[in-house]
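Note that these values count all heavy atoms, side chains included, but never hydrogens, waters or copies made by symmetry.
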Amino acid sequence: MSVLDDLAGGLVVSCQPLPDDPDDPMRDPYVQARVAAAVVRGGAVAVRANGPTDVRAIRAAVDVPLIGLYKHGAADVFITPTAEHAVEVALAGAAIVAVDATDRPRPDGRTFADTVRALREQTDALVLADVSTLAEGVAAVEAGADAVATTLSGYTAASADAERPDLALVAALAAGVPIPVFAEGRYRDGEQVGRAFAAGAHAVVVGNALTSPLWLTRRLVSALRPGAGNR
């Protein structure tokens, strides 16, 4: 049985500080580990975490599988952008490594398939392909991905910007690829999570709506006083 089987029908929680705010007080491995322990106690079947330092800290605090990634750089491809990043986060304790699987140029000049091969050769980690379109998901399967996630929908030139989760992409991937589909991106309440499962999601990933007090507070403040959350 694959670790992916253990995640079927479950909620995965992304425990990460805001990537665009270097002063986020949550940017601390110990803090992220305690947040992870809390969501696992609440029923999360896995945790998604950024960077080897946080992955190690969270690995020591919880006993559920970790989906590791490594955000690095300012280029279009910044989610685990190189094979070296992928291997490093796997060796830190991630059972699954999330990798940008779009067709955009990667900093190391390699393809997504090259990164998959590097992980296979050097680690036992599975590969979760972060995509923004059905075509990218199909290509990720051909490159050897073990699962695919809608993480990048709305964040690439190939996909439409949106405020809500891309349930259409979840359904298209569920019907169009033979590997598990993770619904991720802008999931903020139970209704949206339920709709993702109804669309065929294997698991659903929720992040800021559960684990970022900074993001949540800004959102509420902006609703009370338009523009206030942008200061």
Side-chain angles (χ1 to χ4, degrees), residues 1-72 78-80 85-99 119 123-128 130 146-147 149-151 165 180 182-194 196-197 201-220:
M1 177 179 290
S2 164
V3 65
L4 291 169
D5 295 322
D6 295 333
L7 309 189
L11 184 71
V12 178
V13 178
S14 181
C15 296
Q16 302 178 48
L18 290 182
D20 59 351
D21 193 329
D23 295 323
D24 185 349
M26 301 290 284
R27 193 176 297 279
D28 181 279
Y30 174 81
V31 171
Q32 292 302 317
R34 302 327 298 164
V35 172
V39 300
V40 169
R41 186 176 180 84
V45 298
V47 170
R48 181 166 165 131
N50 173 36
T53 302
D54 280 12
V55 167
R56 290 189 191 96
I58 293 171
R59 176 71 287 151
V62 304
D63 58 3
V64 299
L66 298 190
I67 301 174
L69 62 145
Y70 199 145
K71 292 180 179 177
H72 182 79
F78 67 92
I79 295 179
T80 322
H85 288 116
V87 170
E88 187 173 352
V89 80
L91 295 178
I96 303 169
V97 177
V99 181
L119 278 167
T123 78
D124 295 324
L126 300 180
V127 181
L128 176 63
D130 284 349
D146 299 290
T150 60
T151 313
F182 285 61
E184 181 172 4
R186 302 177 297 278
Y187 286 89
R188 294 166 183 163
D189 58 45
E191 179 184 2
Q192 291 174 337
V193 170
F197 281 119
H202 181 81
V204 180
V205 183
V206 177
N208 289 336
L210 279 176
T211 61
S212 177
L214 178 54
W215 182 88
L216 284 164
T217 304
R218 284 177 174 169
R219 186 174 174 83
L220 289 172

Measuring only between side-chain heavy atoms, which start at C-beta, is [X] closer than 4.5 Å to [Y]?
X	Y	answer
Leu216	Asn208	no
His85	Val89	no
Val99	Leu128	no
Leu4	Phe182	yes
Val97	Leu126	no

Of all heavy-atom pairs between [X] and [Y], which one has the smallest distance, and what is that distance?
X	Y	result
Ala86	Leu119	O-CD2, 3.5 Å
Leu18	Asp24	N-OD2, 3.0 Å
Ala209	Val206	CB-CG1, 4.2 Å
Gln16	Asn50	OE1-CB, 3.5 Å
Ala98	Asp130	CB-OD2, 3.8 Å
Val12	Ala203	CG2-CB, 4.2 Å

Between atom [atom1] of [X] and atom [atom2] of [Y], what is the distance when rounded to the nearest 0.5 Å?
X	Y	atom1	atom2	result
Arg219	Ser212	CZ	OG	12.0 Å
Gln192	Arg186	CD	CZ	9.5 Å
Glu184	Ser14	CD	OG	6.0 Å

Checklist entry - Short question: side chain of Arg27, backbone of Asp21 - any donor-acceptor pair under 3.5 Å? => result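 Answer holds: yes.
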
Listed pairs under 3.5 Å, donor-acceptor, residues 51-70 side chains, sequence neighbours left out:
{"unit_1": "Arg59", "atom_1": "NH1", "unit_2": "Val64", "atom_2": "O", "d": "3.2"}
{"unit_1": "Arg59", "atom_1": "NH2", "unit_2": "Val62", "atom_2": "O", "d": "2.7"}
{"unit_1": "Arg59", "atom_1": "NH2", "unit_2": "Val64", "atom_2": "O", "d": "2.9"}

Item to check | Atom CG of Asp5: over 12 foreign heavy atoms under 6.0 Å | outcome: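 Yes, the 6.0 Å shell around CG holds more than 12 heavy atoms from other groups.
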
Checklist entry - Given the rule in the side chain to side chain contact (heavy atoms under 4.5 Å, CB included) test, do Leu11 and Val45 qualify, once you have shown the distances and angles that lead to the verdict? => result CA-CA 6 Å; Leu11 184 71; Val45 298; 5.7 Å; no

Checklist entry - So Val204 and Phe197, side chain to side chain contact (heavy atoms under 4.5 Å, CB included) or not? Walk me through it. => result CA-CA 7 Å; Val204 180; Phe197 281 119; 3.6 Å; yes

Checklist entry - Yes or no on side chain to side chain contact (heavy atoms under 4.5 Å, CB included) for Arg48 and Thr151, after CA distance, side-chain angles and deciding distance? => result CA-CA 12 Å; Arg48 181 166 165 131; Thr151 313; 3.8 Å; yes

Item to check | Evaluation steps, side chain to side chain contact (heavy atoms under 4.5 Å, CB included), between Tyr187 and Val205 | outcome: CA-CA 7 Å; Tyr187 286 89; Val205 183; over 6 Å; no

